[in-house]
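Working notes for the structure below.
Index from 1, following the sequence. Read the numbers this way: they start at 1 and go in the same order the structure lists the ligands and their atoms. As the structure is a computational prediction, the values presented were derived from the model and not from experiment.
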Amino acid sequence: MIGEEIRNITASLPAGVRLVAVSKYHPEEAIMQAYQAGQRAFGESHVQELQRKYESLPKDIEWHFIGHLQTNKVKYLAPYVSLIHAVDTPKLLAEISKQGIKCGRRIPCLLQLHVAQEETKFGFSVEEAEAFLQSGEWREMQGAEIHGIMCMASLTDDEQQIAHEFDTAHQFFLRAKELYFAQEASFCECSWGMSDDYLIALRHGSTMIRVGSKIFGQRQY
Ligand SMILES: *Cc1c(COP(=O)(O)O)cnc(C)c1O
């Protein structure tokens, strides 16, 4: 089942779009089923859980941290994380950079843009993100590298609303690319689309979908 979902989703993706299989709350055995179907990029959103899985599972897995990350936990992930999706403050990026330098790495990161209607979601507003990029502070953060933009759409059945939110993030990405990252080939990722909205995301600029329950079923423990 899990392997079949992985193969079906992967086969349906347009060129240039990657699947991050969101394995949070699912056991190691479930991850290994996806792994055996060829999946290598997995997304987790809790530091302790990720640490445990990182230690016990094959070392060629690419671990993506997709959840809200507290600054005091960055140090645990810094040696091995392949992409931190939800950088939501300049302070967090500065800490990632500091820990990246300690490990001799430039840790790939995405800026999380708040485009949804819900008040409680994390992320930069478009204005805040613009001001941060404009400030140039991030250029000094040598242990972190901004690879693109991440967002989550509103929890709604209104497909037009979701499409509009992804478009807002995509427009921001294109503008940032032109103004601040024109020389940086590594600024190329648009991380949006989950189980219920990834088909919409694929029509609105996504290069990386983060799909969990459609692959693994209901989350366990
Ligand atoms: C859990 C989670 C996902 C996956 O959600 P599904 O609806 O299970 O596909 C994607 N992105 C983030 C940030 C998540 O926390």
Side-chain angles (χ1 to χ4, degrees), residues 1-10 12-13 17-27 30-31 33-34 37 39-51 53 61-70 73-74 77 81-89 92-93 96 108-124 129 147-159 161-163 165-166 168-170 173 189-221:
M1 275 293 292
I2 290 175
E4 202 175 305
E5 284 294 342
I6 292 283
R7 281 188 288 269
N8 288 343
I9 297 173
T10 305
S12 75
L13 295 180
V17 180
R18 293 180 67 205
L19 167 65
V20 176
V22 175
S23 49
K24 64 183 183 202
Y25 303 124
H26 290 283
I31 297 177
Q33 286 181 41
Q39 182 66 23
R40 290 296 178 274
F42 291 89
E44 290 282 336
S45 56
H46 297 278
V47 172
Q48 268 194 329
E49 183 181 344
L50 172 51
Q51 286 293 100
K53 290 174 175 174
I61 288 180
E62 241 183 63
W63 292 107
H64 292 234
F65 196 81
I66 63 171
H68 175 64
L69 181 56
Q70 290 171 299
K73 300 209 170 146
V74 174
L77 308 181
V81 69
S82 30
L83 180 63
I84 297 177
H85 285 239
V87 175
D88 56 358
T89 58
L92 176 58
L93 192 67
I96 293 169
C109 295
L110 306 178
L111 298 183
Q112 180 177 10
L113 211 57
H114 177 133
V115 293
Q117 287 168 323
E118 288 96 17
E119 292 279 326
T120 55
K121 289 268 168 67
F122 295 106
F124 289 89
H147 282 203
I149 303 298
M150 176 270 201
C151 76
M152 292 172 84
S154 297
L155 284 171
T156 171
D157 292 332
D158 182 346
E159 296 205 357
Q161 175 67 27
I162 294 170
E165 291 169 359
F166 289 152
T168 301
H170 193 221
F173 167 83
E189 299 293 359
C190 291
S191 168
W192 46 84
M194 314 188 352
S195 293
D196 290 337
D197 59 19
Y198 81 91
L199 292 172
I200 305 171
L202 293 177
R203 297 194 294 269
H204 296 274
S206 176
T207 64
M208 209 175 246
I209 58 171
R210 308 180 307 267
V211 176
S213 43
K214 185 172 163 59
I215 297 167
F216 295 106
Q218 297 271 27
R219 288 185 256 286
Q220 297 172 26
Y221 63 85

Could you label the plane-to-plane angle of the Trp192 and Phe166 rings as parallel, tilted or perpendicular, counting under 30° as parallel and over 60° as perpendicular? parallel

Measure the CD1-CG distance between Ile84 and Leu93 for me, rounded to the nearest 0.5 Å. 9.0 Å

Backbone, side chain, both or neither: what part of His85 comes under 4.0 angstrom of ligand 1, heavy atoms only? neither

Protein contact of atom 11 (N) of ligand 1 - nearest heavy atom, named by residue and atom, plus distance: Arg210 NE, 2.9 Å

Can you tell me the protein heavy atom closest to atom 9 (O) of ligand 1 and the distance? Ser195 OG, 2.5 Å

Are any of the N/O atoms in Asp196 less than 3.5 Å from those in ligand 1? no

Any idea which atoms of ligand 1 are less than 4.0 Å away from a heavy-atom of Val211? 9 (O)

Does His64 offer a backbone N or O that forms a donor-acceptor pair with the side chain of Ser82 under 3.5 Å? no

Quick one: does any side-chain atom of Lys53 pair with a main-chain N or O of Ser23 as donor and acceptor, under 3.5 Å? yes

Top protein contact for atom 13 (C) of ligand 1, by heavy-atom distance: Ile66 O, 3.5 Å

Minimum-distance pair of heavy atoms, taken over all atoms of Phe122 and Asp88: CB-OD2, 3.4 Å

Using a 4.0 Å heavy-atom cut-off, say whether Ser45 meets ligand 1 through its side chain, its backbone, both or neither. neither

Closest protein heavy atom (residue, atom, distance) for atom 5 (O) of ligand 1: Met194 CE, 3.6 Å

Any nitrogen or oxygen of Lys214, main chain or side chain, under 3.5 Å from a nitrogen or oxygen of ligand 1? no

protein heavy-atom neighbour closest to atom 7 (O) of ligand 1 works out as Ser213 OG, 3.6 Å

Positive for side-chain hydrogen bond (donor to acceptor under 3.5 Å, both in side chains) with Tyr25, one of Gln218, His46, Glu44: His46

Quick one: CD on Glu165 to SG on Cys151, what's the gap to the nearest 0.5 Å? 7.5 Å

Determine whether any heavy atom of Lys24 lies closer than 4.0 Å to an atom of ligand 1. yes

So how far is it from Tyr198 OH to Leu19 CG, rounded to the nearest 0.5 Å? 8.5 Å

